Number of protein chains: 2
Amino acid sequence: MKKSAKPRIVRSTAELAEYAGLARTTVSRVLNGHPGVKPKTVERVRRAMEETGFTPNAAAMRLRGKGDYTVGICMETLFTPPMVTKLALLQQRLRQRGVKSLIEVVESGRVHEVVQHFRSMQADCITFIGQFDPAEITNQVAMLKRLKVPHLLIDQSGIEGANTVTIDREQAMHEVVAHLYELGHRSFGLIGMNRPVETVRARLRGITSALAKHGLDIARDALSLDYLVDREHDFAFGREVAAAFARRDDRPTAFICVNDEVAAGAVVALKEAGLRVPEDASVVGFNNQDICLMSIPTLTTVDQQIDETVEAALELILAQTSKPLRRSVARLIPAAVIRRDSTGPVPSARRPRS
Amino acid sequence: MKKSAKPRIVRSTAELAEYAGLARTTVSRVLNGHPGVKPKTVERVRRAMEETGFTPNAAAMRLRGKGDYTVGICMETLFTPPMVTKLALLQQRLRQRGVKSLIEVVESGRVHEVVQHFRSMQADCITFIGQFDPAEITNQVAMLKRLKVPHLLIDQSGIEGANTVTIDREQAMHEVVAHLYELGHRSFGLIGMNRPVETVRARLRGITSALAKHGLDIARDALSLDYLVDREHDFAFGREVAAAFARRDDRPTAFICVNDEVAAGAVVALKEAGLRVPEDASVVGFNNQDICLMSIPTLTTVDQQIDETVEAALELILAQTSKPLRRSVARLIPAAVIRRDSTGPVPSARRPRS
DNA sequence: CTAAAAAACGGACACGTGACTGCGTTGTTT
DNA sequence: AAACAACGCAGTCACGTGTCCGTTTTTTAG
């Protein structure tokens with residue numbers, strides 16, 4: 001648009017050179033910042049690029065082995081806010097480091113397909129975010145290791161030989177239990193903790209051992225009514241299960257929920273049953289999503305420490321720039337309990353004599 | 001792993017052919033499904049691929065002009081649930097059609113950078129989802145048109161000469177106003193409707209003309225207290241603004257909110273002020289997010305018709321496979337009011353004499 | 001067993017780029 | 001004016017793929 005010069009579509013450095021009245025090699029040297037080119041010539045090339053909007057062909061550069069370092073990011077779902085946050089943050093941090101990223105959302109059972117796509121795009125590292133089918137992901141990791149393609153799993157634990165970054169769910173539940181125990185709670189309701197995925201199982205293990213540490217027994221001192229409600233673990237699930245709890249005489253004094261939506265639903269149901277939160281019942285969520293601040297009272301929850309997770313992931317990805325890691329690395333990020341208004345001292349009538 | 005054959009890393013069709021004991025051209029014919037190859041040979045190649053995990057180099061194929069049709073998707077944000085839903089659905093539908101997609105999340109002011117990346121990756125169509133800076137996006141669209149690169153904007157209106165798919169926000173607000181008018185409401189509170197972005201302005205225009213159609217005047221019969229609260233338009237914003245409304249004598253009977261979070265906040269504030277929803281005040285949200293069903297009462301809102309939007313987008317993207325459209329296309333998707341429990345008849349004390 | 005048809009082979013080219021080489025053309029300095 | 005850098009030019013190769021074409025090998029039909 002500048003000097004209304006010959007507006008033309010330029011598709012290669014050769015054409016760009018022709019447009020600028022230079023040799024292709026000269027243009028190439030300018031593009032790659034080589035020395036021995038007059039500033040005036042550099043300016044001519046720069047100007048030609050601007051006028052034509054030319055961009056070097058990434059395919060050709062990659063073929064020639066001079067492409068950008070590229071990470072393929074495999075998302076299990078985009079419907080869980082913390083996952084999306086991790087994705088957005090990771091891509092942002094990668095870009096800051098000059099690393100390109102490719103993103104694909106994968107339907108279950110099609111992980112191989114997406115991994116193939118990334119491999120065909122010559123991704124230098126393949127990263128998975130979310131909780132995939134263990135068998136499927138194990139296969140993929142094995143294949144990638146055999147082919148010496150660097151990889152990283154975020155938020156997926158329990159995969160042998162894989163590089164992983166994940167928050168320490170067991171430790172997180174230890175802190176939750178400790179927090180509730182300090183408040184005097186001795187009976188616990190578990191809501192949505194029966195999902196047969198490793199990320200929930202790990203939490204259940206944490207609860208079990210944490211209770212044991214305080215002399216309690218999960219089989220005796222905790223209760224789950226999940227089987228009563230057959231639906232995904234969302235707000236309505238929490239509401240229905242908590243409503244069932246509220247109708248029982250042996251109602252626990254504290255509820256540990258699988259996520260914040262479920263916890264928010266539980267709070268609503270408890271209030272609808274005439275109970276006060278936290279005076280009559282405490283509720284803890286998981287994830288520290290926005291909804292925690294929308295619930296009344298605000299929700300005590302576990303923060304996933306997304307910043308730290310992404311930072312560790314970034315580090316591991318960059319550590320594999322040249323070649324795969326010698327030994328597989330599993331990084332555990334400590335989680336933090338965020339204390340808000342949905343947890344409080346156990347009701348005096350039920351206070352344990354200590 | 002199968003026959004524990006020579007496990008080797010194969011990087012090109014030439015190496016694959018060597019591995020299988022065939023000529024590279026023969027392997028190539030198999031890969032491209034050409035006729036004149038014995039089934040037994042096809043099987044040999046298939047097996048070699050499986051054993052070595054070989055994947056053709058996408059860069060080379062693209063360079064040769066035989067790459068997959070690829071769409072670059074530019075996301076303005078991943079923090080708005082409807083946007084993410086559109087993204088996930090669009091990518092899924094594209095994959096079903098054999099179209100590859102690249103996704104990048106863009107920070108404001110860096111659109112050009114991302115577009116350049118897509119162009120260097122030889123994306124065949126560049127799609128933008130979300131509400132970008134108008135000046136920036138106008139520039140980018142102009143450049144893409146000049147370079148004859150197909151493009152599409154989703155959820156962005158008001159860009160001259162661009163191909164767009166977006167819901168009809170004016171019509172949506174007409175329906176909202178009609179719904180409330182039928183219920184007897186004659187005075188309206190607008191919450192979060194003052195944001196200077198086209199997608200909100202369009203709604204405001206819709207409200208204005210809809211009110212006019214019913215003989216009302218937005219300047220006289222609607223009220224905004226947005227200026228009292230300086231923060232992004234989230235749950236807390238809705239709560240604070242609605243609290244301010246509740247303290248006034250000239251409180252409107254119906255509240256039209258910029259999104260569902262704000263509406264949910266407004267409902268909470270109204271209830272905290274001792275008002276009943278919908279008996280004393282009606283509230284309408286926008287987007288039909290999950291939170292609508294978590295609010296008590298459930299929220300009346302406007303559904304974005306994401307399925308239809310994505311379907312229309314898909315159609316427009318595929319229509320540009322060979323070359324850009326002759327004339328730019330702007331598709332408006334009709335939105336739908338979802339009537340739930342947060343809207344009801346106007347309080348009898350204020351019922352208009354009709 | 002032989003001839004014909006089918007299949008596989010091997011070489012060449014193009015795609016756009018970066019890097020290298022040798023050679024010509026400037027422009028500056030002595 | 002001559003010497004000499006500094007700079008720019010033209011040509012070449014490699015990367016991995018698809019495709020074409022002529023040749024050789026294998027298979028099938030008679």
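Protein chains get the first letters and strands the later ones, always in sequence-line order, with residue 1 at the start of each. None of the values given here were measured: they were computed from a predicted structure. Excluded from the calculations below are hydrogen atoms, water molecules and symmetry mates; all remaining heavy atoms, backbone and side chain alike, are included.
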Quick one: label B/Gly67 by what it contacts on the DNA or RNA (base, sugar-phosphate, nothing), any heavy atom closer than 4.0 Å. nothing
Does one side chain, of B/Arg24 or B/Ser12, offer a donor that lies under 3.5 Å from an acceptor on the other? no
Indicate yes or no: does A/Glu50 engage A/Arg47 in a salt bridge with an N to O separation below 4.0 Å. no
Between B/Glu76 (side chain) and B/Phe128 (backbone), is there a donor-acceptor pair under 3.5 Å? no
Salt-bridged, A/Lys38 to A/Glu43, with N to O below 4.0 Å? no
Please report the distance, rounded to the nearest Å, between CD in A/Glu15 and P in C/dC15. 10 Å
Apply salt bridge (Lys or Arg N to Asp or Glu O under 4.0 Å) to residues A/Glu51 and A/Arg8 and explain how you reach the verdict. CA-CA 8 Å; A/Glu51 284 174 6; A/Arg8 197 185 130 186; over 6 Å; no
What integer distance in Å separates A/Asp68:CG from C/dT17:C1'? 13 Å
Each nucleotide in nucleotides 15-21 of chain D should get exactly one letter: B, S or -. Can you fill that in based on protein heavy atoms under 4.0 Å? BBBBBB-
Across the strands shown, which category fits A/Gly21 at heavy-atom distances under 4.0 angstrom: base, sugar-phosphate, nothing? sugar-phosphate
Any donor-acceptor pair under 3.5 Å linking the side-chain atoms of A/Arg93 with those of A/Gln96? yes
Report the distance from atom NZ of A/Lys38 to atom C1' of D/dA5, rounded to the nearest whole Å. 13 Å
